There are 2 protein chains.
Amino acid sequence: MRDSELAQIRQLPLFRTMADDSFALLMRAAYDQTFPAFVQLIEQGAEPDFLHIVVEGSVELFARWQDRETTMAVVRPVSSFILAACIKDAPYLMAARTLEKTRIILLPSVDLRAVFQTDHKFAMATINELASCYRSVVRHAKDIKLRNARERLAAYILRKTRDSKSASFIIPVEKRLLASYLGVTPESLSRTMKSLQEVGAKVDGQRVIITDRKALEAVAHPSPLIDGPDCDDEAALAGAALLDDGDDDESVVARPYTY
Amino acid sequence: MRDSELAQIRQLPLFRTMADDSFALLMRAAYDQTFPAFVQLIEQGAEPDFLHIVVEGSVELFARWQDRETTMAVVRPVSSFILAACIKDAPYLMAARTLEKTRIILLPSVDLRAVFQTDHKFAMATINELASCYRSVVRHAKDIKLRNARERLAAYILRKTRDSKSASFIIPVEKRLLASYLGVTPESLSRTMKSLQEVGAKVDGQRVIITDRKALEAVAHPSPLIDGPDCDDEAALAGAALLDDGDDDESVVARPYTY
DNA sequence: CGAACCCTTGACAGAAATCAACTAAGGTGG
DNA sequence: CCACCTTAGTTGATTTCTGTCAAGGGTTCG
């Protein structure tokens, strides 16, 4: 593995505080692999062999049931995913696939479990990571249960432009994926998007332009208790991730789901 | 606080493995309070002062947005809730109210944070607890996003009778609350319940009787990746909780949400 | 160029919410 | 003890939202 990646991983909140030799031990058996686009990395129900860390590219976490699928999150560099399954050594609840050519570091989960048995700092970091992830899913569940499709989309748009000066942004994923994340069909998303033109959001291809933020806010009623802290972008779908440690309600960007 | 409660709490997975003096320190400043029914214990957005442990009675965790409410979980003895908020020292994402006369132990969250800085065993237990809670919410989100109301209800009924010999059970909460948990209106639940008569589930007041389990399964397609491990009951809404440690996919009963 | 795929649009169907009325059970107070 | 009130639950009528099915436009890529 290249030193530059190693350094980058070392700076992740999860690994930053741990002892040098713990880190070395963890990385000793690590793999560094690059996958093409649209490769399924893990299947739900499988046993967790590795903690995954996205170094370049992006990964979709999704869930399947019968013939249906829903995307739960998109993980971007540099973040880990499926931490919880690795910790519990229990079957993955979600599946994962690359959305583009993606570079992943794979840490054997046995090593992971061994190391946080001995390295208290690492255990503390893990606690923080898990608590953040937990809160992320709770917010997602609240979003889905409390708002309708229109309100969710409006809220998403506001999240994506919250702390940027700009009144427009590029949807960072295929619209069908955004639809799935928001819990609607692509057709519904398309129509809903159109209907938002009357309340302040125009769409042009992958670009969304906010024409009336106040009006949008009147629809979405954004709340930090659903949309996350002010500083962060949509953790799950936007998320350039973060070398920053902070609390999920104070950091620059909250960590995406970890599963 | 009475010794019997103390012993019971000590046996919780979260506290069982920690050092005696850590436990004593944690309990030193603990309150033991009994609340009447329908008292709001915490409000969403508030700062977490105490980790709550339900000793007797039951507590609803719910979320609010605009004029809407949705119940996220019901916590029963002996379980803690709002662990994640206490750890992160970040605002509660959910509110909590008693559903009946309820006895609660309150542990100052500053003590909590202090103790797992020093007690590695406790940190490990916290990691396990959080990972379980995380997986619970993921399952809830999957349930909501992947199944429709009818399928969710059928799955709920199957969960409630999964490992019992009996073909019937008593709905442990008001139906309106169950409706909210399942993400539908009370009217919808009532109608959906009725519609399930044709596929194997009769309802008589608070009692649900399964007349054709196979037919119900054909609707619900129960899966451990949504409905939880075989051994457990619906963690959130059923949950007599558990002095058992186990992994959420192996224990007798998974721990409810912790927030 | 054609095939495949994403997105959009339209027409329609189905699911669930809303509004309203009614029943039944439990509690209160005369 | 009974009239009265409140509230949970049910049922019916209707609207609203969202999904489904089908078709067409636009892109990309081999």
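Chain A is the first sequence line, chain B the second, and so forth, proteins listed ahead of strands; every chain is numbered from 1. All values below were derived from every heavy atom in this structure, side-chain atoms included, with hydrogens, water molecules and symmetry-related copies excluded. A quick note: this is a predicted structure, and the numbers were derived from the prediction, not measured.
In this structure, the separation between CG on B:D67 and NE2 on A:H221 is 9.0 Å, given to the nearest 0.5 Å. B:I226 contributes atom CD1, which lies 5.5 Å from atom CG of B:L146 (distance to the nearest 0.5 angstrom). Here A:E56 contributes atom CD and A:T98 contributes atom OG1; the two are 13.0 Å apart, rounded to the nearest 0.5 Å.
With a heavy-atom cut-off of 4.0 Å to chain B, the contacted part of DNA chain D has its first and last nucleotide at D:dA8 to D:dA13.
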> Should A:D227 and A:R147 be marked as a salt bridge (Lys or Arg N to Asp or Glu O under 4.0 Å) after you check the CA-CA gap, both sets of side-chain angles, and the distance that decides it?
Replying inline: CA-CA 12 Å; A:D227 302 299; A:R147 301 207 260 228; 2.4 Å; yes
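The only option from A:L178, A:V59, A:L177 that meets the side chain to side chain contact (heavy atoms under 4.5 Å, CB included) definition with A:V74 turns out to be A:L177. The one candidate from B:L182, B:L158, B:V219, B:V184 that meets the side chain to side chain contact (heavy atoms under 4.5 Å, CB included) condition with B:L153 is B:L182.
A:F38 places its CZ atom 13 Å from the C1' atom of C:dA4, with the value rounded to the nearest Å. Summarising the geometry, the separation between CD on A:E174 and C1' on C:dA4 is reported as 13 Å, rounded to the nearest angstrom.
A:R150 and A:T192 form no side-chain donor-acceptor contact under 3.5 Å, judged by distance and modelled atom types alone. Defined by atom type and a distance below 3.5 Å, a donor-acceptor pair is present between the side-chain atoms of A:H140 and B:K145. Between the side chains of A:T161 and A:R213, at least one donor N or O sits under 3.5 Å from an acceptor N or O.
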>> Return a single string for nucleotides 15-23 of chain C, one symbol per nucleotide in 5' to 3' order, where B is base contact, S is sugar-phosphate-only contact and - is none, cutoff 4.0 angstrom on heavy atoms.
In response: -SSBB----
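Across the helix from C:dC1-D:dG30 to C:dG30-D:dC1, the helix axis at one end is tilted relative to the axis at the other end by 30° (nearest 10 degrees, each axis from five pairs).
Looking at B:K142, its side chain never comes within 3.5 Å of a backbone N or O of A:M94 through a donor-acceptor pair.
Under 4.0 angstrom from either OP1 or OP2 of C:dT8 there lies at least one side-chain N or O belonging to A:K175.
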